[in-house]
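Working notes, beginning with the structure itself.
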Number of protein chains: 2
Amino acid sequence: MAGRQQSVAPRKRPQQQRSRAMVERIVAAGREVLLRDGYDAFSTNRVADRAGISPGSLYQYFPNKAAIVAAVIDRYSDEVADRVAGALTDRLGEFGPAMIRDTADALVEALAANVDLLRVVMEDLPATSNRERRTALEQRVRELVMAYLAARPGTTRSTDHATTAWVLVMAIENLAVRYVLDEPAISRERFLDEVVALCAGYLAVA
Amino acid sequence: MAGRQQSVAPRKRPQQQRSRAMVERIVAAGREVLLRDGYDAFSTNRVADRAGISPGSLYQYFPNKAAIVAAVIDRYSDEVADRVAGALTDRLGEFGPAMIRDTADALVEALAANVDLLRVVMEDLPATSNRERRTALEQRVRELVMAYLAARPGTTRSTDHATTAWVLVMAIENLAVRYVLDEPAISRERFLDEVVALCAGYLAVA
DNA sequence: ATTGTATGCGAGCGATCACTCGCGTCAGCA
DNA sequence: TGCTGACGCGAGTGATCGCTCGCATACAAT
(Lines give C-alpha, C1' and ligand atoms only; values in the text may rest on other atoms or scores of the structure.)
Protein backbone atom coordinates (compact mmCIF):
# COMPACT_ATOMS: atom_id res chain seq x y z
CA MET A 1 0.00 0.00 0.00
CA ALA A 2 2.58 2.56 1.07
CA GLY A 3 5.76 3.52 2.87
CA ARG A 4 8.68 1.51 1.63
CA GLN A 5 10.82 0.67 4.58
CA GLN A 6 14.44 1.59 4.71
CA SER A 7 17.00 0.45 7.17
CA VAL A 8 17.59 2.63 10.14
CA ALA A 9 20.64 0.79 11.41
CA PRO A 10 23.73 2.92 11.95
CA ARG A 11 26.12 3.01 9.02
CA LYS A 12 29.22 2.62 11.13
CA ARG A 13 30.00 2.85 14.80
CA PRO A 14 31.84 5.87 16.09
CA GLN A 15 35.17 4.80 17.50
CA GLN A 16 37.03 7.87 18.52
CA GLN A 17 35.95 10.38 21.10
CA ARG A 18 35.19 13.17 18.66
CA SER A 19 32.97 11.03 16.49
CA ARG A 20 30.88 9.99 19.46
CA ALA A 21 30.43 13.65 20.26
CA MET A 22 29.44 14.22 16.67
CA VAL A 23 26.64 11.66 16.84
CA GLU A 24 25.40 13.44 19.93
CA ARG A 25 25.42 16.77 18.19
CA ILE A 26 23.54 15.38 15.23
CA VAL A 27 20.76 13.93 17.36
CA ALA A 28 20.56 17.09 19.43
CA ALA A 29 20.38 19.22 16.30
CA GLY A 30 17.72 16.92 14.87
CA ARG A 31 15.61 17.38 17.96
CA GLU A 32 16.13 21.11 17.81
CA VAL A 33 15.09 21.33 14.17
CA LEU A 34 12.04 19.23 14.86
CA LEU A 35 11.07 21.56 17.69
CA ARG A 36 11.84 24.89 16.06
CA ASP A 37 11.01 24.28 12.43
CA GLY A 38 8.74 21.26 12.40
CA TYR A 39 8.96 18.08 10.42
CA ASP A 40 8.25 19.75 7.09
CA ALA A 41 11.47 21.67 7.39
CA PHE A 42 13.42 18.71 8.69
CA SER A 43 15.96 18.28 5.91
CA THR A 44 19.28 16.56 6.34
CA ASN A 45 21.03 19.68 5.13
CA ARG A 46 19.29 21.75 7.75
CA VAL A 47 20.11 19.33 10.52
CA ALA A 48 23.76 19.35 9.48
CA ASP A 49 23.66 23.10 9.37
CA ARG A 50 22.17 23.39 12.84
CA ALA A 51 24.69 20.93 14.16
CA GLY A 52 27.46 22.99 12.62
CA ILE A 53 28.76 20.08 10.57
CA SER A 54 28.72 19.06 6.93
CA PRO A 55 26.01 16.94 5.30
CA GLY A 56 28.68 14.41 4.44
CA SER A 57 29.65 13.88 8.06
CA LEU A 58 26.05 13.24 8.90
CA TYR A 59 25.93 10.28 6.55
CA GLN A 60 28.93 8.70 8.15
CA TYR A 61 26.78 7.49 10.99
CA PHE A 62 23.22 7.67 9.76
CA PRO A 63 22.17 5.81 6.61
CA ASN A 64 19.37 8.22 5.78
CA LYS A 65 17.07 10.90 7.01
CA ALA A 66 14.63 8.48 8.62
CA ALA A 67 17.40 7.14 10.82
CA ILE A 68 18.01 10.56 12.30
CA VAL A 69 14.35 11.05 13.06
CA ALA A 70 14.26 7.59 14.57
CA ALA A 71 17.23 8.40 16.79
CA VAL A 72 15.55 11.54 18.07
CA ILE A 73 12.34 9.70 18.82
CA ASP A 74 14.27 6.89 20.45
CA ARG A 75 15.86 9.23 22.96
CA TYR A 76 12.59 10.94 23.68
CA SER A 77 10.78 7.67 24.06
CA ASP A 78 13.40 6.43 26.48
CA GLU A 79 13.10 9.64 28.49
CA VAL A 80 9.37 9.12 28.89
CA ALA A 81 9.70 5.45 29.73
CA ASP A 82 12.45 6.14 32.25
CA ARG A 83 10.46 8.84 33.97
CA VAL A 84 7.42 6.63 34.31
CA ALA A 85 9.43 3.62 35.40
CA GLY A 86 11.38 5.71 37.86
CA ALA A 87 8.27 7.14 39.42
CA LEU A 88 6.87 3.68 39.96
CA THR A 89 9.81 1.67 41.21
CA ASP A 90 9.11 2.62 44.80
CA ARG A 91 5.49 1.64 44.64
CA LEU A 92 5.76 -1.74 43.03
CA GLY A 93 3.83 -3.55 45.73
CA GLU A 94 0.88 -1.21 45.77
CA PHE A 95 -2.56 -2.23 44.70
CA GLY A 96 -5.87 -0.62 44.06
CA PRO A 97 -6.86 2.92 43.14
CA ALA A 98 -3.75 4.53 44.61
CA MET A 99 -1.49 2.66 42.25
CA ILE A 100 -3.62 3.43 39.23
CA ARG A 101 -3.62 7.06 40.17
CA ASP A 102 0.11 7.21 40.71
CA THR A 103 0.75 5.53 37.40
CA ALA A 104 -1.49 7.90 35.50
CA ASP A 105 0.09 10.80 37.32
CA ALA A 106 3.58 9.70 36.40
CA LEU A 107 2.54 9.25 32.79
CA VAL A 108 0.99 12.68 32.52
CA GLU A 109 3.98 14.19 34.25
CA ALA A 110 6.38 12.47 31.87
CA LEU A 111 4.44 13.55 28.80
CA ALA A 112 4.01 17.09 30.04
CA ALA A 113 7.73 17.43 30.64
CA ASN A 114 8.24 17.75 26.90
CA VAL A 115 4.94 18.86 25.46
CA ASP A 116 6.48 20.48 22.44
CA LEU A 117 8.29 17.39 21.31
CA LEU A 118 5.27 15.25 22.10
CA ARG A 119 3.18 17.47 19.88
CA VAL A 120 5.60 17.18 17.00
CA VAL A 121 5.84 13.43 17.40
CA MET A 122 2.11 12.91 17.65
CA GLU A 123 0.83 15.50 15.22
CA ASP A 124 3.55 16.38 12.81
CA LEU A 125 5.38 13.17 12.11
CA PRO A 126 3.62 10.49 10.16
CA ALA A 127 2.69 7.83 12.66
CA THR A 128 4.54 5.27 10.58
CA SER A 129 7.91 6.58 11.71
CA ASN A 130 6.75 5.89 15.21
CA ARG A 131 4.66 2.81 14.97
CA GLU A 132 7.05 -0.02 15.83
CA ARG A 133 8.45 1.71 18.86
CA ARG A 134 5.00 2.59 20.10
CA THR A 135 3.50 -0.84 19.70
CA ALA A 136 6.53 -2.36 21.40
CA LEU A 137 6.05 -0.05 24.35
CA GLU A 138 2.35 -0.78 24.50
CA GLN A 139 3.14 -4.46 24.44
CA ARG A 140 5.43 -4.10 27.45
CA VAL A 141 2.94 -2.05 29.40
CA ARG A 142 0.20 -4.50 28.57
CA GLU A 143 2.21 -7.32 30.05
CA LEU A 144 2.75 -5.34 33.22
CA VAL A 145 -0.97 -4.70 33.47
CA MET A 146 -1.68 -8.37 32.93
CA ALA A 147 0.68 -9.27 35.71
CA TYR A 148 -1.07 -6.76 37.91
CA LEU A 149 -4.45 -8.23 37.04
CA ALA A 150 -3.28 -11.77 37.70
CA ALA A 151 -1.89 -10.85 41.10
CA ARG A 152 -4.76 -8.58 41.91
CA PRO A 153 -6.57 -9.31 45.14
CA GLY A 154 -10.35 -9.38 44.95
CA THR A 155 -12.67 -10.53 42.20
CA THR A 156 -12.01 -9.71 38.61
CA ARG A 157 -14.76 -9.22 36.09
CA SER A 158 -13.19 -11.39 33.49
CA THR A 159 -10.42 -13.97 33.37
CA ASP A 160 -9.33 -12.79 29.93
CA HIS A 161 -6.63 -10.51 31.22
CA ALA A 162 -5.18 -9.98 27.77
CA THR A 163 -8.33 -8.31 26.54
CA THR A 164 -8.80 -6.33 29.71
CA ALA A 165 -5.24 -5.08 29.58
CA TRP A 166 -5.57 -4.14 25.91
CA VAL A 167 -8.65 -2.07 26.59
CA LEU A 168 -7.10 -0.33 29.56
CA VAL A 169 -3.84 0.50 27.87
CA MET A 170 -5.44 1.83 24.70
CA ALA A 171 -7.92 3.93 26.60
CA ILE A 172 -5.52 5.40 29.14
CA GLU A 173 -2.73 6.03 26.68
CA ASN A 174 -4.90 8.15 24.48
CA LEU A 175 -6.52 9.93 27.38
CA ALA A 176 -3.18 10.95 28.81
CA VAL A 177 -1.77 12.11 25.49
CA ARG A 178 -4.81 14.12 24.61
CA TYR A 179 -5.06 15.58 28.06
CA VAL A 180 -1.53 16.90 27.77
CA LEU A 181 -1.80 18.08 24.17
CA ASP A 182 -5.31 19.49 24.04
CA GLU A 183 -5.29 20.99 27.51
CA PRO A 184 -9.01 20.63 28.16
CA ALA A 185 -10.50 22.64 30.99
CA ILE A 186 -9.98 19.86 33.50
CA SER A 187 -7.67 20.12 36.46
CA ARG A 188 -4.91 17.60 36.85
CA GLU A 189 -6.46 16.19 40.02
CA ARG A 190 -9.82 15.91 38.40
CA PHE A 191 -8.35 14.16 35.40
CA LEU A 192 -6.63 11.61 37.59
CA ASP A 193 -9.88 11.03 39.47
CA GLU A 194 -11.59 10.30 36.18
CA VAL A 195 -8.92 7.86 35.10
CA VAL A 196 -9.19 6.03 38.37
CA ALA A 197 -12.97 5.97 38.07
CA LEU A 198 -12.74 4.63 34.54
CA CYS A 199 -10.37 1.83 35.50
CA ALA A 200 -12.05 0.95 38.75
CA GLY A 201 -15.48 0.93 37.19
CA TYR A 202 -14.36 -1.15 34.26
CA LEU A 203 -12.67 -3.72 36.47
CA ALA A 204 -15.57 -3.91 38.89
CA VAL A 205 -18.57 -4.24 36.58
CA ALA A 206 -20.38 -7.52 37.01
CA MET B 1 6.87 26.01 16.02
CA ALA B 2 5.94 24.46 12.69
CA GLY B 3 3.51 23.97 9.82
CA ARG B 4 2.72 27.25 8.12
CA GLN B 5 -0.90 27.20 7.16
CA GLN B 6 -2.05 27.66 3.63
CA SER B 7 -5.54 28.23 2.42
CA VAL B 8 -7.48 25.24 1.33
CA ALA B 9 -10.38 27.15 -0.15
CA PRO B 10 -11.24 26.31 -3.75
CA ARG B 11 -9.60 28.54 -6.31
CA LYS B 12 -12.69 28.94 -8.42
CA ARG B 13 -16.02 27.22 -8.60
CA PRO B 14 -16.72 24.84 -11.42
CA GLN B 15 -19.56 26.18 -13.51
CA GLN B 16 -20.01 23.88 -16.43
CA GLN B 17 -20.90 20.25 -16.30
CA ARG B 18 -17.53 18.95 -17.44
CA SER B 19 -15.60 20.93 -14.84
CA ARG B 20 -17.72 19.54 -12.05
CA ALA B 21 -16.92 16.09 -13.32
CA MET B 22 -13.27 17.05 -13.37
CA VAL B 23 -13.30 17.98 -9.70
CA GLU B 24 -14.82 14.60 -8.98
CA ARG B 25 -12.14 12.85 -10.94
CA ILE B 26 -9.42 14.73 -9.13
CA VAL B 27 -10.71 13.84 -5.70
CA ALA B 28 -11.25 10.23 -6.72
CA ALA B 29 -7.75 10.05 -8.14
CA GLY B 30 -6.36 11.61 -4.99
CA ARG B 31 -8.03 8.97 -2.89
CA GLU B 32 -6.73 6.28 -5.18
CA VAL B 33 -3.16 7.53 -5.02
CA LEU B 34 -3.37 7.76 -1.26
CA LEU B 35 -4.58 4.17 -1.10
CA ARG B 36 -2.28 2.62 -3.68
CA ASP B 37 0.90 4.60 -3.27
CA GLY B 38 0.69 6.19 0.16
CA TYR B 39 1.15 9.77 1.19
CA ASP B 40 4.85 9.84 0.42
CA ALA B 41 4.09 9.33 -3.24
CA PHE B 42 1.17 11.72 -3.23
CA SER B 43 2.43 14.34 -5.65
CA THR B 44 0.19 16.66 -7.58
CA ASN B 45 1.70 15.42 -10.81
CA ARG B 46 0.88 11.86 -9.90
CA VAL B 47 -2.67 12.70 -8.94
CA ALA B 48 -3.15 14.51 -12.24
CA ASP B 49 -1.65 11.55 -14.02
CA ARG B 50 -3.94 9.06 -12.31
CA ALA B 51 -6.92 11.28 -13.03
CA GLY B 52 -5.89 11.39 -16.66
CA ILE B 53 -5.67 15.16 -16.70
CA SER B 54 -2.92 17.75 -16.78
CA PRO B 55 -1.30 19.28 -13.70
CA GLY B 56 -2.49 22.66 -14.88
CA SER B 57 -6.13 21.64 -14.83
CA LEU B 58 -5.74 20.46 -11.30
CA TYR B 59 -4.75 23.90 -10.14
CA GLN B 60 -7.82 25.45 -11.69
CA TYR B 61 -9.88 24.23 -8.78
CA PHE B 62 -7.43 23.44 -6.02
CA PRO B 63 -5.03 26.08 -4.75
CA ASN B 64 -2.39 23.61 -3.66
CA LYS B 65 -1.58 20.05 -2.81
CA ALA B 66 -2.92 20.30 0.73
CA ALA B 67 -6.34 21.27 -0.60
CA ILE B 68 -6.59 18.03 -2.56
CA VAL B 69 -5.68 15.96 0.47
CA ALA B 70 -8.20 17.92 2.51
CA ALA B 71 -10.91 17.24 -0.06
CA VAL B 72 -10.22 13.52 0.04
CA ILE B 73 -10.33 13.46 3.82
CA ASP B 74 -13.47 15.56 3.85
CA ARG B 75 -15.35 13.04 1.75
CA TYR B 76 -14.11 10.15 3.80
CA SER B 77 -14.94 11.89 7.04
CA ASP B 78 -18.44 12.61 5.82
CA GLU B 79 -18.86 8.98 4.83
CA VAL B 80 -17.99 7.83 8.32
CA ALA B 81 -20.17 10.43 10.01
CA ASP B 82 -23.10 9.63 7.75
CA ARG B 83 -22.83 5.93 8.38
CA VAL B 84 -22.77 6.38 12.13
CA ALA B 85 -25.53 8.94 12.11
CA GLY B 86 -27.63 6.80 9.82
CA ALA B 87 -27.25 3.75 12.00
CA LEU B 88 -28.42 5.70 15.02
CA THR B 89 -31.34 7.74 13.75
CA ASP B 90 -33.79 4.94 14.50
CA ARG B 91 -32.60 4.49 18.03
CA LEU B 92 -32.55 8.04 19.22
CA GLY B 93 -34.80 7.46 22.19
CA GLU B 94 -32.90 4.50 23.55
CA PHE B 95 -31.02 4.58 26.80
CA GLY B 96 -28.65 2.42 28.68
CA PRO B 97 -26.22 -0.29 27.59
CA ALA B 98 -28.09 -1.16 24.42
CA MET B 99 -27.59 2.31 23.02
CA ILE B 100 -23.94 2.44 23.95
CA ARG B 101 -23.44 -0.89 22.32
CA ASP B 102 -25.24 0.08 19.14
CA THR B 103 -23.29 3.28 18.89
CA ALA B 104 -19.96 1.56 19.29
CA ASP B 105 -21.06 -1.07 16.82
CA ALA B 106 -22.00 1.53 14.24
CA LEU B 107 -18.70 3.30 14.75
CA VAL B 108 -16.62 0.17 14.31
CA GLU B 109 -18.68 -0.79 11.30
CA ALA B 110 -18.19 2.62 9.72
CA LEU B 111 -14.45 2.59 10.34
CA ALA B 112 -14.06 -0.98 9.15
CA ALA B 113 -15.85 -0.19 5.92
CA ASN B 114 -12.74 1.62 4.71
CA VAL B 115 -9.88 0.24 6.73
CA ASP B 116 -7.29 1.04 4.12
CA LEU B 117 -8.14 4.69 3.91
CA LEU B 118 -8.45 4.89 7.68
CA ARG B 119 -4.97 3.48 8.00
CA VAL B 120 -3.53 6.02 5.60
CA VAL B 121 -5.32 8.86 7.31
CA MET B 122 -4.32 7.81 10.81
CA GLU B 123 -0.83 6.51 10.21
CA ASP B 124 0.53 7.98 7.04
CA LEU B 125 -0.73 11.53 6.95
CA PRO B 126 0.63 14.00 9.45
CA ALA B 127 -2.13 14.52 11.98
CA THR B 128 -1.99 18.25 11.32
CA SER B 129 -3.76 17.88 7.98
CA ASN B 130 -6.55 16.26 9.90
CA ARG B 131 -6.68 18.06 13.17
CA GLU B 132 -9.33 20.71 12.68
CA ARG B 133 -11.81 18.33 11.14
CA ARG B 134 -11.23 15.77 13.84
CA THR B 135 -11.59 18.13 16.77
CA ALA B 136 -14.73 19.58 15.23
CA LEU B 137 -16.21 16.13 14.96
CA GLU B 138 -15.20 15.26 18.51
CA GLN B 139 -16.81 18.48 19.67
CA ARG B 140 -20.10 17.54 18.04
CA VAL B 141 -20.06 14.04 19.45
CA ARG B 142 -19.21 15.39 22.87
CA GLU B 143 -22.26 17.58 22.82
CA LEU B 144 -24.44 14.65 21.91
CA VAL B 145 -23.00 12.67 24.79
CA MET B 146 -23.61 15.57 27.14
CA ALA B 147 -27.21 15.76 26.04
CA TYR B 148 -27.50 12.05 26.65
CA LEU B 149 -26.00 12.41 30.11
CA ALA B 150 -28.29 15.27 31.00
CA ALA B 151 -31.37 13.36 29.94
CA ARG B 152 -30.14 10.13 31.39
CA PRO B 153 -32.42 8.45 33.86
CA GLY B 154 -30.88 7.21 37.08
CA THR B 155 -28.07 8.62 39.16
CA THR B 156 -24.98 10.03 37.57
CA ARG B 157 -21.62 9.90 39.21
CA SER B 158 -20.80 13.48 38.54
CA THR B 159 -22.69 16.56 37.44
CA ASP B 160 -19.78 17.75 35.35
CA HIS B 161 -21.06 16.29 32.14
CA ALA B 162 -18.50 18.12 30.07
CA THR B 163 -15.64 16.29 31.69
CA THR B 164 -17.45 12.97 31.65
CA ALA B 165 -18.22 13.36 27.97
CA TRP B 166 -14.65 14.33 27.18
CA VAL B 167 -13.29 11.23 28.87
CA LEU B 168 -15.78 8.95 27.19
CA VAL B 169 -15.28 10.33 23.71
CA MET B 170 -11.49 10.27 23.89
CA ALA B 171 -11.41 6.77 25.27
CA ILE B 172 -13.95 5.22 22.92
CA GLU B 173 -12.68 6.96 19.83
CA ASN B 174 -9.21 5.61 20.24
CA LEU B 175 -10.42 2.16 21.23
CA ALA B 176 -12.53 1.87 18.11
CA VAL B 177 -9.82 3.12 15.79
CA ARG B 178 -7.18 0.88 17.23
CA TYR B 179 -9.50 -2.10 17.29
CA VAL B 180 -10.11 -1.70 13.58
CA LEU B 181 -6.52 -0.93 12.63
CA ASP B 182 -4.56 -3.25 14.89
CA GLU B 183 -6.98 -6.15 14.70
CA PRO B 184 -6.23 -7.54 18.14
CA ALA B 185 -7.35 -11.08 18.89
CA ILE B 186 -10.70 -9.96 20.24
CA SER B 187 -14.02 -10.79 18.63
CA ARG B 188 -16.30 -8.00 17.60
CA GLU B 189 -18.92 -9.03 20.15
CA ARG B 190 -16.36 -9.21 22.88
CA PHE B 191 -15.02 -5.82 22.01
CA LEU B 192 -18.47 -4.28 22.18
CA ASP B 193 -19.04 -5.94 25.54
CA GLU B 194 -15.86 -4.35 26.81
CA VAL B 195 -16.83 -0.93 25.57
CA VAL B 196 -20.19 -1.22 27.28
CA ALA B 197 -18.50 -2.38 30.47
CA LEU B 198 -16.08 0.51 30.35
CA CYS B 199 -18.80 3.10 29.90
CA ALA B 200 -21.26 1.56 32.31
CA GLY B 201 -18.63 1.10 34.97
CA TYR B 202 -17.32 4.62 34.56
CA LEU B 203 -20.77 6.14 34.77
CA ALA B 204 -21.78 4.04 37.76
CA VAL B 205 -18.79 4.36 40.07
CA ALA B 206 -19.63 6.09 43.34
C1' DA C 1 -21.77 32.20 -37.63
C1' DT C 2 -19.35 34.93 -34.24
C1' DT C 3 -17.66 36.22 -30.14
C1' DG C 4 -16.46 36.02 -25.25
C1' DT C 5 -15.33 33.08 -21.73
C1' DA C 6 -14.74 28.89 -19.29
C1' DT C 7 -11.97 25.00 -19.55
C1' DG C 8 -8.05 22.19 -20.40
C1' DC C 9 -3.34 21.25 -21.80
C1' DG C 10 1.62 20.10 -20.88
C1' DA C 11 6.25 21.68 -21.24
C1' DG C 12 9.01 23.43 -18.06
C1' DC C 13 10.72 26.78 -14.27
C1' DG C 14 12.72 27.43 -9.96
C1' DA C 15 13.56 25.46 -5.90
C1' DT C 16 14.53 21.88 -2.70
C1' DC C 17 16.41 17.76 -1.09
C1' DA C 18 18.57 13.33 0.02
C1' DC C 19 22.69 11.74 -0.60
C1' DT C 20 27.77 11.08 -2.69
C1' DC C 21 32.62 11.49 -3.52
C1' DG C 22 37.12 13.01 -3.74
C1' DC C 23 40.12 15.12 -0.89
C1' DG C 24 42.20 17.22 3.18
C1' DT C 25 42.98 16.61 8.31
C1' DC C 26 43.73 14.60 12.68
C1' DA C 27 44.24 11.10 16.27
C1' DG C 28 46.70 7.32 17.92
C1' DC C 29 50.18 3.90 17.51
C1' DA C 30 54.89 1.92 16.44
C1' DT D 1 58.57 10.94 13.69
C1' DG D 2 56.12 8.82 10.38
C1' DC D 3 52.35 6.17 9.08
C1' DT D 4 47.58 4.62 8.65
C1' DG D 5 43.00 4.58 9.07
C1' DA D 6 39.33 7.13 11.11
C1' DC D 7 37.21 11.38 10.61
C1' DG D 8 35.32 15.44 8.53
C1' DC D 9 34.39 18.57 4.75
C1' DG D 10 31.32 20.83 1.24
C1' DA D 11 30.58 21.43 -3.50
C1' DG D 12 27.90 19.06 -6.35
C1' DT D 13 24.54 15.53 -8.68
C1' DG D 14 20.45 13.73 -10.17
C1' DA D 15 15.99 13.56 -9.24
C1' DT D 16 11.54 15.18 -7.71
C1' DC D 17 8.01 18.31 -6.99
C1' DG D 18 4.77 22.09 -6.54
C1' DC D 19 3.13 25.13 -9.40
C1' DT D 20 2.76 28.49 -13.63
C1' DC D 21 1.86 30.28 -18.11
C1' DG D 22 1.07 30.72 -22.84
C1' DC D 23 -1.81 28.63 -25.84
C1' DA D 24 -5.44 25.56 -27.86
C1' DT D 25 -10.16 23.99 -27.53
C1' DA D 26 -15.01 23.52 -26.20
C1' DC D 27 -19.02 25.71 -24.85
C1' DA D 28 -22.80 29.23 -24.48
C1' DA D 29 -24.90 33.44 -25.59
C1' DT D 30 -26.07 36.45 -29.30
Side-chain angles (χ1 to χ4, degrees), chain A residues 2-30 33-34 37-72 125-126 129, chain B residues 2-30 33-34 37-72 125-126 129:
Chain A
R4 6 250 137 290
Q5 296 291 349
Q6 29 185 355
S7 170
V8 139
R11 178 161 288 186
K12 80 175 169 192
R13 312 182 100 217
Q15 303 191 2
Q16 301 180 4
Q17 172 59 33
R18 53 175 176 160
S19 58
R20 249 170 278 125
M22 162 134 285
V23 170
E24 288 311 306
R25 288 177 64 185
I26 293 172
V27 177
V33 169
L34 231 35
D37 309 301
Y39 181 67
D40 288 347
F42 188 94
S43 71
T44 56
N45 290 343
R46 188 186 281 250
V47 171
D49 208 44
R50 184 87 82 202
I53 62 164
S54 106
S57 304
L58 195 153
Y59 282 92
Q60 294 248 338
Y61 306 101
F62 296 92
N64 49 47
K65 172 177 160 173
I68 307 174
V69 177
V72 174
L125 299 186
S129 59
Chain B
R4 5 253 137 291
Q5 295 292 348
Q6 29 185 353
S7 170
V8 140
R11 178 162 286 185
K12 78 177 172 191
R13 311 182 99 215
Q15 303 191 1
Q16 301 181 4
Q17 171 60 32
R18 54 175 175 159
S19 58
R20 248 168 280 126
M22 165 135 283
V23 170
E24 288 312 306
R25 288 178 64 186
I26 294 172
V27 177
V33 170
L34 231 35
D37 308 301
Y39 180 68
D40 287 348
F42 188 94
S43 72
T44 55
N45 289 344
R46 188 186 281 249
V47 172
D49 208 44
R50 183 87 82 203
I53 63 166
S54 105
S57 304
L58 195 154
Y59 281 92
Q60 295 248 336
Y61 305 102
F62 295 92
N64 49 48
K65 174 177 159 172
I68 307 173
V69 178
V72 174
L125 298 186
S129 60

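Labels below follow one simple rule: chain letters A, B, ... track the order of the sequence lines, proteins then strands, and each chain is numbered from 1.
Near-neighbour residues of DNA chain D inside residues 18-28 of chain A, defined by a heavy atom below 4.0 Å, number-ordered: A:Arg18, A:Ser19, A:Met22. Heavy-atom distances under 4.0 Å link DNA chain D to A:Ser54, A:Pro55, A:Gly56, A:Ser57, A:Gln60, A:Tyr61 of residues 54-69 of chain A, given in residue order.
Once rounded to the nearest 0.5 Å, the distance linking CG of B:Leu34 with CZ of B:Arg46 reads 11.5 Å. Here the straight-line distance linking atom CD of A:Glu24 with atom OG of A:Ser19 works out to 11.0 Å at 0.5 Å rounding. Distance CD1/B:Ile53 to CD1/B:Ile26: 4.0 Å, rounded to 0.5 Å.
Side-chain atoms of B:Arg50 never come within 3.5 Å of backbone atoms of B:Ala29 as a donor-acceptor pair (strictly under, hydrogens ignored).
Regarding A:Asp40, its CG atom lies at a distance of 14 Å from the C1' atom of D:dC17, rounded to whole Å. In this structure, B:Gln16 atom CD and D:dT25 atom P are separated by 17 Å, rounded to whole Å. Separating the CD1 atom of B:Ile53 from the P atom of D:dT25 is a distance of 19 Å, rounded to the nearest angstrom.
Nearest-nucleotide assignment on DNA chain D puts the 5′-proximal partner with B:Thr44, out of B:Thr44 and B:Gln17. Remark on DNA chain C: of its neighbouring residues B:Gly52 and B:Asn45, the 5'-side contact belongs to B:Gly52, judged by nearest-heavy-atom nucleotide.
Checking A:Ile68, A:Val23, A:Val27 one by one against A:Tyr61, the side-chain contact (heavy atoms from CB on, under 4.5 Å) holds for a single residue, A:Val23.
Proximity of A:Thr44 to A:Pro55: side-chain heavy atoms (C-beta onward) are nowhere separated by under 4.5 Å.
Between A:Tyr59 and A:Lys65, the shortest heavy-atom contact is OH-N, 4.4 Å. When every heavy atom of A:Ala71 is checked against every heavy atom of A:Phe62, the shortest pair comes out as CB-CE2, 3.9 Å.
One finds no side-chain N or O of B:Ser43 lying less than 4.0 angstrom from the OP1 or OP2 phosphate oxygen of D:dT16.
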